[in-house]
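For the numbers below, each heavy atom of this structure counts, side chains included, while hydrogens, waters and symmetry mates do not. One-based numbering along the sequence shown.
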Amino acid sequence: FMAAPKSVGEFLVGGVVQETNSSRFLVFNPKTAELLGQHQVRISQELPKEEWVEQDPNEIIQSVFECIEKTCEQLSELNIDISNIKAIGISNQRETTLVWDRLTGEPLYNAIAWLDLRTQSTVEKLSKKIPGNNNFVKSKTGLPLSTYFSAVKLRWLLDNVETVQRAVKERRALFGTVDSWLIWNLTGGAEGGVHCTDVTNASRTMLFNIHSLEWDKELCDFFEIPMNILPNVCSSSEIYGQMKAGSLEGVPISGCLGDQSAALVGQLCFQEGQAKNTYGAGCFLLCNTGRKCVFSDHGLVTTVAYKLGKNKPACYALEGSVAIAGEVIRWLKDNLGIIESSEEIEELAKEAGTSYGCYFIPAFSGLYAPHWDSSARGIICGLTQFTNKSHIAFAALEAVCFQTREILDAMNRDCGIPLSHLQVDGKMTKNKILMQLQADILRIPVMKPTVADTTALGAAMAAGAAEGVGVWSLKPEDLSAVVMERIEPQINAMESDTRYSTWKKATQKSMGWITTQTLESTVSPAFSSLPLGFFIVSSLLMLIGARYISGMP
């Protein structure tokens, strides 16, 4: 897959991947990028209220410790010496927001997940404070004001959680995204843990200036966030600290990338114009724009792609984010019960061979790029008496592909040069029906690498290449091409375009569904997702009925 200099000995590098639904630890040979061992642990989500998505921070860190220990046991059984592991890289779900006590190490509240929508009213209030002619939030951060990013989640914690308020007042509180929480705990926690993040994760908080690569005082003042709780910002490839416990005690943690940046690195998208799409809980299409910050006119965000060393330049990316991709399969399994395992959806969809005119808009957390409509909600439309669960399964897979096409269209318009193919990765790419549908709907080939976990690989590459570690060469001459499977489009362009235009019509119907925050908070949960018109008509009918009963004209 890739070669490193001959002088590199039998060193190994580990990569942590902490994602929305699981944690993993994988160990690679940096000479060949061969995967030698891995372990995965599922983690749960908590849904305390409608539209709230939380996770237990202790479950997150324990799952990572467990993955590391189990992988080390596995390697020892294979007679692989774990003392050869010279570095560990971290990659993580981004935007998920944590606050903890630096003295006790205890979380002060659950982690608020990136998918969470509780901050809708916070976003509405803040958007009124931004001058119409100077959107300084977007120009400094590259991000739209949205429930997606960390600053509004942190603002909610500061406004609503007394333990957080008290800890901030007493200067005990630390804020971080998942990478910061992991690094702090792995390097000792309350006993001297390192409180840091990297530029890729910092660029997803809405508090970070992507031009100066520093926390921005004007942004912190705007969100009313105290700067003393923020982590120190580092590059994506440097030694942050050493493991303080377990089988890998003393091993440096020297790579840190948000999961989408890690996949970009793992797919070797180091050249301007190279792009990849990752199919995880959500879908994330990143296009490397090199050292230039390219701002989108079509609903994409500008983000830091990576900075592979203290003294190396930062590279940027245009990103299109889809909130719900793999998460729609989890929903079909856990909420509707029409499949028993994620793998079953492929069989069901194959059985149908078509959605039979059924369209699924999985806007469970509103719509992200290119619409940025947090008031949108999920709909399934085009149903007939003939529609069955196989058609809904097929429509769910199509939904992932249509959302990706919306983003690719926006990216092509922003970049001016249409992508000739799309590199893909992530768990969902195992689904052959999905990959063929994606090629058909995009009308360009889809390129799937033979390395299954490019996210872990990217984190390991950043860690192994760090100054002071130096066991993984990132020089172009030492990196050979990624071996790819190529999936060609098979349907004609007209059919693809017709299906896509119907999908866009359905998307319009999902938008503007939740009309006011007041309505959400005053209506009982059973009725909270009904449109405002329903209540107006109901009220009129009740009024007419009352007049009729009382004999009024």
Side-chain angles (χ1 to χ4, degrees), residues 94-95 97 114 116-156 158-159 175 177 199-227 230 233 258 260 284-287 289 291-305 314-323 363 365-376 406-407 409-411 413-416 511-512 514-517:
R94 305 168 303 167
E95 299 92 21
T97 300
W114 56 279
D116 188 279
L117 281 176
R118 77 187 67 188
T119 55
Q120 213 165 305
S121 61
T122 311
V123 168
E124 283 166 20
K125 278 183 214 143
L126 287 166
S127 61
K128 288 174 187 153
K129 283 170 61 179
I130 297 176
N133 61 346
N134 174 24
N135 188 344
F136 65 94
V137 175
K138 179 99 189 267
S139 62
K140 284 171 181 270
T141 66
L143 310 174
L145 191 57
S146 164
T147 57
Y148 181 20
F149 305 107
S150 311
V152 288
K153 302 177 198 297
L154 179 53
R155 183 66 259 149
W156 187 91
L158 292 166
D159 287 338
F175 152 77
T177 42
V199 289
T200 69
N201 283 294
S203 76
R204 312 298 293 187
T205 60
M206 270 198 310
L207 300 170
F208 185 71
N209 188 315
I210 60 172
H211 310 285
S212 66
L213 302 180
E214 292 173 334
W215 298 122
D216 190 286
K217 188 174 186 311
E218 188 184 7
L219 290 169
C220 290
D221 289 347
F222 175 72
F223 290 104
E224 296 178 58
I225 284 166
M227 293 182 81
L230 304 178
V233 183
Q260 303 315 317
F284 306 90
L285 208 166
L286 270 70
C287 181
T289 63
R291 298 187 195 184
K292 296 194 300 283
C293 258
V294 176
F295 282 83
S296 173
D297 295 320
H298 301 97
L300 304 180
V301 305
T302 307
T303 199
V304 180
C315 287
Y316 297 89
L318 269 177
E319 175 174 342
S321 312
V322 168
S365 294
L367 290 169
Y368 287 2
H371 306 285
W372 296 107
D373 182 354
S374 56
S375 71
E406 278 195 302
I407 285 173
D409 284 357
M411 205 160 268
R413 288 199 293 273
D414 277 329
C415 296
M511 290 162 79
I514 299 294
T515 44
T516 65
Q517 190 66 23

Using side chain to side chain donor-acceptor pair (under 3.5 Å) as the criterion, list what pairs up with H371, not counting sequence neighbours.
E406
Taking atom types as modelled, is there a side-chain donor on T119 or T147 under 3.5 Å from an acceptor on the other?
no
How many angstroms lie between OG in S121 and CH2 in W156, if you round to the nearest 0.5 Å?
10.5 Å
Residues in side chain to side chain donor-acceptor pair (under 3.5 Å) with K292, at least two apart?
E272
Report all side-chain donor-acceptor pairs from residues 137-146 shorter than 3.5 Å, counting only partners two or more places apart or in another chain.
{"residue": "S139", "atom": "OG", "partner": "N135", "partner atom": "O", "Å": "3.4"}
{"residue": "S139", "atom": "OG", "partner": "F136", "partner atom": "O", "Å": "3.3"}
{"residue": "K140", "atom": "NZ", "partner": "D216", "partner atom": "OD1", "Å": "3.3"}
{"residue": "K140", "atom": "NZ", "partner": "D216", "partner atom": "OD2", "Å": "2.9"}
{"residue": "K140", "atom": "NZ", "partner": "E218", "partner atom": "OE1", "Å": "3.1"}
{"residue": "T141", "atom": "OG1", "partner": "V137", "partner atom": "O", "Å": "2.5"}
{"residue": "T141", "atom": "OG1", "partner": "L143", "partner atom": "N", "Å": "3.1"}
{"residue": "S146", "atom": "OG", "partner": "Y148", "partner atom": "N", "Å": "3.1"}

So how far is it from L154 CG to L207 CG, rounded to the nearest 0.5 Å?
7.0 Å
Taking side chain to side chain contact (heavy atoms under 4.5 Å, CB included) as the test, write out the residues that go with A376, two or more places apart.
A363, L367, D373, S510, M511
d(Q120 CD, S375 OG) to nearest 0.5 Å is 6.5 Å
Identify, with sequence neighbours excluded, every residue that meets side chain to side chain donor-acceptor pair (under 3.5 Å) alongside D221.
K217
List for me each residue that meets side chain to side chain contact (heavy atoms under 4.5 Å, CB included) alongside K129, sequence neighbours excluded, and say none if there are none.
L126, F222, E224
Of all heavy-atom pairs linking S203 and V304, the shortest is OG-N, 3.4 Å
For residues L219 and M206, report the shortest heavy-atom separation together with the two atoms involved.
CD1-O, 3.8 Å
Check side chain to side chain donor-acceptor pair (under 3.5 Å) between E95 and all other residues, then give those that pass, not counting sequence neighbours.
R204
Checking side-chain contact (heavy atoms from CB on, under 4.5 Å) for the pair S374/V123: CA distance, chi angles, key distance, verdict?
CA-CA 10 Å; S374 56; V123 168; 5.6 Å; no
Could you give me the CA-CA distance, side-chain angles and deciding distance for E319 and F284, then say whether side-chain contact (heavy atoms from CB on, under 4.5 Å) is met?
CA-CA 7 Å; E319 175 174 342; F284 306 90; 3.5 Å; yes
List the steps and the verdict of side-chain contact (heavy atoms from CB on, under 4.5 Å) for L213 and V233.
CA-CA 8 Å; L213 302 180; V233 183; over 6 Å; no
Rounded to the nearest 0.5 Å, how far does CG of L300 lie from CG of L318?
5.5 Å
What distance separates T289 OG1 from M411 CE, expressed to the nearest 0.5 Å?
9.5 Å
Contacts of C293 that satisfy side chain to side chain contact (heavy atoms under 4.5 Å, CB included) - sequence neighbours left out
I210, H211, F295, T302, Y316
For C415 and C287, the nearest pair of non-hydrogen atoms, with its separation, is SG-SG, 4.3 Å
Mind checking ring-ring contact (aromatic ring centres under 6.0 Å, His included) for W215 and listing every partner two or more places apart, or none if nothing turns up?
F208
Side chain to side chain contact (heavy atoms under 4.5 Å, CB included) with H298: which residues, sequence neighbours excluded?
S296, A410, R413, D414
Nearest 0.5 Å, what's the CZ-CZ distance between F223 and F149?
10.5 Å
For E214 and N209, what are the C-alpha separation, side-chain angles and deciding distance, and is it a side-chain contact (heavy atoms from CB on, under 4.5 Å)?
CA-CA 6 Å; E214 292 173 334; N209 188 315; 5.6 Å; no
